[in-house]
Colleague: 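Could you have a look at this structure, given as structure tokens, before my questions?
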Amino acid sequence: MAMPTEAARLPRHIAVIMDGNGRWAERRGSIRSVGHRAGAKAVQTAIEFCLERGIGCLTLFAFSSENWRRPEEEVGTLMKLFLRMLESEIEELHRRGVRIGFIGQRSDFPAEIREKMDWAERLTAGNDTLRLNIAGSYGGRWDIVNACRRLLAANDGAPLRAEQVTEESLGGFMALADQPEPDLLIRTGGDCRISNFLLWQMAYTEFWFTPVLWPDIDRAVLQQALDDYAGRERRFGLISAQVRGESA
Ligand code: IPE
Ligand code: IPE
Ligand code: MG
């Protein structure tokens, strides 16, 4: 029996691996790009759901560091779709008070896309209903290496002593360091793996996997994930009695 989702049991931050677009199309006898277009519509469903439920942060895995190795034609389709989404969706999201940010190796993208990303971030910087983070050319390993480089650079070129490298100092240079860590990870498409998503940030995230393919995602499936999350006990290394405040 699913538990009702009380405010306190609502995740502050949901991360999503939006997987299954290609299979969705192939099962319909269509080419993979049809699935990616359907997947883009599903993104709107997920954003709408988070806005309605008062979720603070939503991080969507749109394109991984490894996805560049897909066939050139598919990468091209995804870039076109990405650009089109940036052109058509940002203003409406801005009206809804969404603050948009992009994480990943931005220099990998064509200039036209980079400019739109910068513009969207500037335009929505003052918004506060939902923080929408789009991970593009993102990899968890990239993020950790990038944070190391930034930590070194921040020391003004002076050599860093080993004791200056701490979870706090390094973590401060990781993507999304200014937001709560994801409470809940949803992965669609049936595979139970992390695929190099937020490796550092998901140390204590609750994982929820569903066979539903991303273009088929709807409010009921998302609600199922929230209900499941609400029933879990997060212990963060403690014992249950401590979490319940019964034992010192
Ligand atoms: C996720 O769907 C979208 C991206 C990785 C860009 P896939 O394209 O991975 O779809 P499947 O997993 O092949 O079905
Ligand atoms: C993960 O999906 C990346 C995105 C959803 C953007 P993949 O389809 O690339 O993951 P693998 O290759 O099946 O692990
Ligand atoms: Mg996939």
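Nothing fancy with the numbering, it's 1 onward along the sequence. Whatever order the structure lists them in is the order used to number ligands and atoms, beginning at 1.
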Colleague: At less than 4.0 angstrom from any non-hydrogen atom of Phe61, what atoms of ligand 2 do you find?
Modeller: 3 (C), 4 (C), 5 (C), 6 (C)
Colleague: Assess the pair Phe82 and Phe109: is the distance between their ring centroids shorter than 6.0 Å?
Modeller: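 When the ring centroids of Phe82 and Phe109 are compared, they turn out to be within the sub-6.0 Å range.
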Colleague: Could you tell me, atom by atom, which parts of ligand 2 come under 4.0 Å of a heavy atom of Ile17?
Modeller: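 Near Ile17, the atoms of ligand 2 are 1 (C), 5 (C).
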Colleague: Which atoms of ligand 2 sit under 4.0 Å from any heavy atom of Arg187?
Modeller: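 Counting atoms of ligand 2 from 1, those under 4.0 Å from Arg187 are 2 (O), 10 (O), 11 (P), 13 (O), 14 (O).
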Colleague: Could you check Ser64 against Asn67 for side chain to side chain donor-acceptor pair (under 3.5 Å), going step by step and ending with a plain yes or no?
Modeller: CA-CA 5 Å; Ser64 75; Asn67 288 149; 3.1 Å; yes
Colleague: For the Mg ion (ligand 3), what is the closest N, O or S atom on Asp19?
Modeller: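 Restricting Asp19 to its N, O and S atoms, the minimum distance to the Mg ion (ligand 3) goes to OD1.
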Colleague: Return yes or no for this condition: an N or O of Ser64 is under 3.5 Å from an N or O of ligand 2.
Modeller: no
Colleague: Tell me if the CD atom of Gln164 is crowded by more than 12 foreign heavy atoms within 6.0 Å.
Modeller: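 Check passes, neighbour count above 12.
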Colleague: Answer yes when Glu87 and Arg84 have at least one side-chain N-carboxylate O distance shorter than 4.0 Å, and no when they do not.
Modeller: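 Result for this pair is no, no salt bridge flagged.
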Colleague: Give me the nearest non-hydrogen protein atom to atom 10 (O) of ligand 1 as residue plus atom name, then the distance to 0.1 Å.
Modeller: Gly22 N, 2.9 Å
Colleague: Going by the order shown, which atoms of ligand 1 are within less than 4.0 Å of some heavy atom of Ala62?
Modeller: 6 (C)
Colleague: Number the atoms of ligand 2 from 1 as they appear, then name those within less than 4.0 Å of a heavy atom of Phe63, with their elements.
Modeller: 6 (C)
Colleague: Could you identify the single nearest non-hydrogen protein atom to atom 7 (P) of ligand 2 and state the distance to 0.1 Å?
Modeller: Arg70 NH2, 3.8 Å
Colleague: For ligand 1, is Gly20 a contact, meaning one of its heavy atoms is under 4.0 Å away?
Modeller: yes
Colleague: So, Asp19 and Arg193, do they make that salt bridge, N to O below 4.0 Å?
Modeller: no
Colleague: Do Arg244 and Ser240 have side-chain N/O donor and acceptor atoms under 3.5 Å apart?
Modeller: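 Yes, because at least one side-chain N or O of Arg244 sits under 3.5 Å from a partner of the opposite role on Ser240.
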Colleague: Near Arg23, which atoms of ligand 1 are under 4.0 Å from a heavy atom of that residue?
Modeller: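 Answer for ligand 1: 11 (P), 12 (O), 14 (O).
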Colleague: With side chain to side chain donor-acceptor pair (under 3.5 Å) as the criterion, how do Gln224 and Asp228 come out once you've worked through the C-alpha distance, each side chain's angles and the decisive distance to 0.1 Å?
Modeller: CA-CA 6 Å; Gln224 233 181 309; Asp228 191 323; over 6 Å; no
Colleague: Tell me: protein heavy atom nearest atom 14 (O) of ligand 2, and distance?
Modeller: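 That would be Ser195 OG, 2.6 Å.
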Colleague: What protein heavy atom lies closest to atom 5 (C) of ligand 2? Include the residue and the distance to one decimal.
Modeller: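 Its nearest protein heavy-atom neighbour is Met18 O, 3.5 Å.
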Colleague: Could you tell me whether Arg235 and Glu233 have a side-chain N and a carboxylate O separated by less than 4.0 Å?
Modeller: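 The answer is yes: the pair qualifies as a salt bridge.
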Colleague: Cluster question for you: counting only ILVMFWY and a side-chain heavy-atom cut-off of under 4.5 Å, with indirect links fine, are Met18 and Leu185 together?
Modeller: no
Colleague: Just distances here: any N/O of Trp24 and N/O of ligand 1 closer than 3.5 Å?
Modeller: no
Colleague: Cation-pi check for Trp24 against Arg28: NZ or CZ below 6.0 Å from the six-membered ring centre and within 45 degrees of the axis, yes or no?
Modeller: yes
Colleague: Please list the nearest protein heavy atom to atom 13 (O) of ligand 2 with its residue and the distance rounded to 0.1 Å.
Modeller: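 That would be Arg193 NH2, 2.7 Å.
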Colleague: Nearest heavy atom to atom 9 (O) of ligand 2 wins, so pick from Leu60, Asn67, Leu78, Ile194.
Modeller: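 Looking at heavy atoms only, the winner is Asn67.
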Colleague: As an exercise, identify every atom of ligand 1 less than 4.0 angstrom from a heavy atom of His36.
Modeller: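 Those of ligand 1 that fall under 4.0 Å from His36 are 3 (C), 8 (O).
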Colleague: Going by atom types alone, do Arg53 and Gln223 pair a side-chain donor with an acceptor below 3.5 Å?
Modeller: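 Yes, Gln223 and Arg53 have a side-chain donor paired with an acceptor closer than 3.5 Å.
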